[in-house]
Amino acid sequence: MTVRVRFAPSPTGYLHIGGARTAMYNYLFAKAMGGKYILRIEDTDTERSERKFEEAQIEDLKWLNLQHDEGPDAGGDYGPYRQSERLHIYKEWAQKLIDNNQAYHCFCTEAELTAKKEIAVAANLPPHYDGKCRNVSKDEAAKRMAAGEEAVIRFKTPLKSYEFTDHVRGHVVFPEGMVGDFVCVRANGLPVYNYAVVVDDITMKISHVIRAEEHLPNTLRQLMFYEAFGANPPEFAHASLLIGEDRQKLSKRHGATSVRLYQEQDYIPSAMLNYLLLLGWSHPEELEIFDVHQLGTLFNIDRFIKSPAIYDIKKLDFINGQHLRLLPTDELIAKVEKILPAEHPFLKMEKEWKERCVTLSKEKMNFFKDIIPLLELYFGNEISTEADYVEARSWETTPKIQEYLLGEVTKARAAGKSFVTEADYNEWSNHVKGELKIKGKQLFMGIRAALTLQAHGSDLKFIVPLTPLEILEKRLKMS
RNA sequence: GCGCCCAUCGUCUAGCCCGGCCUAGGACACUGCCUUUUCACGGCGGCGACUGGGGUUCGAAUCCCCAUGGGCGUACCA
C-alpha cells in the first residue's frame, strides 16, 4: 500500500503551533514510509478563510522545512488542493447520496431547528435533528427548490454502532444513536467539514489520517460517509492535544501560539520541530536532542502518548541552545551577523577571529541575540558597578597589575601588533604571579578587572587574545 | 445533560499492551558540590510522581470495576 497522508489547515490565521505539530507528524510519517505528504487547504468557511493566510501558512511550513509533495502551490495528480475549487466534486458526490436514498433535502428553517433543539435540551434529550424532512419526496423537494425555497442536504445516519482501531487510542467504539441526521451540504452549496474531508480523502487516496484528538468524535461521522460511499476508511492516529497551563486547549490567549512569532524571535526551526515532536512522542532510544529530519524509519506512529501535553516553552529555549551549538560555524556567524546592528565592530573582524569568537561564545548562548552582551567582553568599556568589581579595585595589588599590563600592552602595540596570543597572556599572568607575587583571588580577579573592567566573565586566556589591543589599552588607562 | 477520550515528579516523558528486574528511569526548570575567583559549559549530587478506593494475584504503576478530576465533542466552524 502506498502511504499518502495530508495536513489540511484552514486558512483562518497564521500557522498554529498545534498545526505545525500535526503537519510534522504527517510529514515524518510519509518520510518514514516512503510515501507522499499532501497539503490541502480547507477553505469552505468563506467567512473566516483568507488567501493571505493560506500563503502565510505555506511560508510558515517552509520555514519549518516541512515541504509537501503535493499542494495548491506544488501541484500533483490529485488536485485541486483547495476545497473551494472542488465544489463540483462535493456536489456530484452528494447527488449520489441522494440518488441512493442516503441523504435528502431538508427545508427546515433555522428558527424551527433552534426551537426544537431547546425543547430537547430542556427535556434532557440529545438535541438531534428529528428527521422531519426525511419524508419529503424527491419530487416535492424538486418543486420546492424550483419555487426558490432554501434547502440543505442532510445525511441519513444509519442507526448502528461504529468502531475502528486507532493507532493511538486503540479500539474505539461509537455506540448507535450518537448523532442525528446532520448537514453535509449547506444551503449556499458549500460542503461541511466532515463531509468534504471524506470526499477529499477518498479521491486523494489518503491512506492514513494523523490529526489531533479534537477530531476523534468527528471520526464517527466520517466513518458513516466511508460506508455510504462504499470506500475503505483510512487508518487513523489521533495524537493528544496541546494544552495551556490552565489545561485548556491551546489558543490565542495562551500567548505565543503561532509559528510566525517564533520565527520573528529567531528560534531555530530544527529546534522548534525537535521540541514539538517531544510533546506527545518519544524517541525509541529516549534521545532528546536530534534532527527530526534524520529520524527516518525511527519515527513510528505507535509511539504517541495518549494524554495531552502542556505547552511550556522553557524546554524549547534549552533545545534551541543545543541546536544552536550544533550549527556549522559559518552558519552561526551568518546568523549572528544578521542580528547585529549595522556598525557593530564584530562585522569588521577577520574570519578567523569570528570563528574563534562564536565557537567560544556559543556555549553560553541559547539564542543568536545572546551574543550581543557577550561581545561586550571584546569591544565594550563599560565599568562594572558590581560589588565584586568594586572590591577588586580596592585592593592595593590591582594598580600594580594594571601598571604592569599597560606596559606590556603598550610594548605590543609599539611592535605593531593588534592582538596578543594565548601564550602572551600566560606570560603576563605568570609574571604577575612570579614577579609581583600576587596570587589567588587578587591575581585572577585583579587581572580581570584591569583588562575587562568586569568582575566576572569567561576564561581570560580565551578572551584576552580575542580582544583588540587597542581596546585593552583603553581599558587599562581607565579605572 | 449525553457521548467519547485521558490520568506517572512543577513541566516533557520512559515503563503499562506481554504483572515481578520499579526502594519508578531520563530531560527541562530549581538547587548543592567539584573543575587553580565568578559565570556558562561539563561532571557528581539534591528536591520531586504512579489521582483515590475496591478487586484479581504469592506479587500491580502495569489487569478489572467504581469514584474523582480534567479534556474534547455535541454547528448550515474546522
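Lettering of chains follows the sequences in order, A, B, ..., and the numbering in each one begins at 1.
K362(A) comes within 4.0 angstrom of no nucleic acid atom, judged by non-hydrogen atoms across all strands. Contacts of A187(A) with the nucleic acid, taken as non-hydrogen atoms under 4.0 Å apart, include base atoms. Counting non-hydrogen atoms under 4.0 angstrom, P9(A) reaches nothing in the nucleic acid. Base engagement by V152(A) is indicated by at least one non-hydrogen atom pair under 4.0 Å involving a base atom. Counting any heavy atom pair closer than 4.0 Å across all strands shown, E245(A) reaches no nucleic acid atom. No contact: I243(A) has no heavy atom under 4.0 Å from any strand. Across all strands shown, N218(A) has heavy atoms under 4.0 Å from base atoms, whether or not it also approaches the sugar-phosphate. Within the 4.0 angstrom heavy-atom criterion, base atoms lie near M445(A). Looking at heavy-atom distances under 4.0 Å, F318(A) makes contact with sugar-phosphate atoms alone, never a base. Using a 4.0 Å heavy-atom criterion, one finds that T12(A) contacts no nucleic acid atom at all. Base engagement by H215(A) is indicated by at least one non-hydrogen atom pair under 4.0 Å involving a base atom. At a threshold of 4.0 angstrom between heavy atoms, the contacts of G170(A) with the nucleic acid are absent.
For the pair L216(A) CG and C4(B) P, the interatomic distance rounds to 11 Å; values are reported in whole Å. Atom CZ in R169(A) sits about 16 Å away from atom C1' in G3(B), given to the nearest Å. The distance between atom NZ of K314(A) and atom P of A27(B), rounded to the nearest whole Å, is 17 Å. Rounded to whole angstrom, the span from the CZ atom of F462(A) across to the P atom of C41(B) amounts to 16 Å. Atom CD in Q248(A) sits about 11 Å away from atom C1' in C72(B), given to the nearest Å. Between the P atom of A75(B) and the CD atom of E47(A) lies a distance of 19 Å, rounded to the nearest Å. C39(B) atom P lies 11 Å from atom CZ of R448(A), rounded to whole Å. At whole-Å resolution of the value, CE in M224(A) and C1' in U74(B) are 13 Å apart.
Side-chain atoms of E288(A) come within donor-acceptor range of the base of G26(B), with a qualifying N/O pair under 3.5 Å. Counting atom types as modelled, E286(A) pairs a side-chain N or O with a base atom of G25(B) as donor and acceptor under 3.5 Å. The base of A29(B) has none of its N or O atoms less than 3.5 Å from a complementary donor or acceptor on the side chain of D312(A). For K315(A) against C12(B), a side-chain-to-base donor-acceptor contact under 3.5 Å is present.
Using a cut-off of 4.0 Å between Lys/Arg side-chain N and Asp/Glu carboxylate O, R356(A) and E422(A) are scored as not salt-bridged. Using a 4.0 Å cut-off between a side-chain N of Lys or Arg and a carboxylate O of Asp or Glu, D201(A) and R40(A) qualify as a salt bridge. Between K52(A) and E55(A) there is no salt bridge, since none of the side-chain N atoms of the basic residue sits less than 4.0 Å from a carboxylate O of the acidic one.
Between T44(A) and A78(B), a side-chain N or O to OP1/OP2 separation shorter than 4.0 Å is present. At A14(B), one or more side-chain N or O atoms of S282(A) fall inside 4.0 Å of OP1 or OP2 (strictly under the cut-off).
Nucleotides A78(B) and A67(B), compared at atom C1', are 35 Å apart to the nearest Å. A gap of 27 Å separates the P atoms of C9(B) and G1(B), to the nearest Å. With both ends at atom P, the span from U74(B) to A27(B) equals 42 Å, rounded to whole Å. Going from the P atom of A60(B) to that of U23(B) covers 11 Å, rounded to whole Å. C65(B) sits 12 Å from C6(B) when the P atoms are compared, rounded to a whole Å. Spacing of C1' atoms, C63(B) relative to C18(B), comes out at 11 Å, to the nearest Å. Nucleotides G15(B) and A24(B) have their C1' atoms positioned 8 Å apart, rounded to a whole Å. Atom C1' of G46(B) sits at a distance of 24 Å from the matching atom of A61(B), rounded to the whole Å.
Using modelled atom types, one finds no donor on one side chain facing an acceptor on the other under 3.5 Å when comparing E42(A) with Y193(A). Residues Y267(A) and D317(A) bring a donor and an acceptor atom of their side chains to less than 3.5 Å of each other.
When each of E363(A) and L316(A) is assigned the nucleotide of RNA chain B bearing its nearest heavy atom, the one mapping closer to the 5' terminus is L316(A). Place V173(A) and P191(A) on RNA chain B by their nearest nucleotides, and V173(A) ends up nearer the 5' end.
Across all strands shown, the partner of G3(B) is C72(B), judged by Watson-Crick or G-U wobble contacts whose two distances both fall under 3.5 Å. Judged by Watson-Crick or G-U wobble contacts below 3.5 Å, the nucleotide G59(B) has no partner. When Watson-Crick and G-U wobble pairs are counted only if both distances are under 3.5 Å, G42(B) pairs with C34(B). Taking a pair to require two hydrogen-bonding distances under 3.5 Å in either a Watson-Crick or a G-U wobble arrangement, A27(B) pairs with U11(B). Base pairing of G19(B) is not made with any nucleotide, judged by Watson-Crick or G-U wobble geometry with both donor-acceptor distances under 3.5 Å.
A distance below 6.0 Å separates the ring centres of Y311(A) and Y275(A).
Closest of all the heavy-atom pairs between I268(A) and H323(A) is CD1-C, 4.1 Å.
Geometric assessment of R221(A) against the ring of F155(A) yields a negative cation-pi assignment under the 6.0 Å and 45° thresholds.
Of the candidates W93(A), Y90(A), Y195(A), Y162(A), F225(A) forms a ring-ring contact (aromatic ring centres under 6.0 Å, His included) with just one, namely Y195(A).
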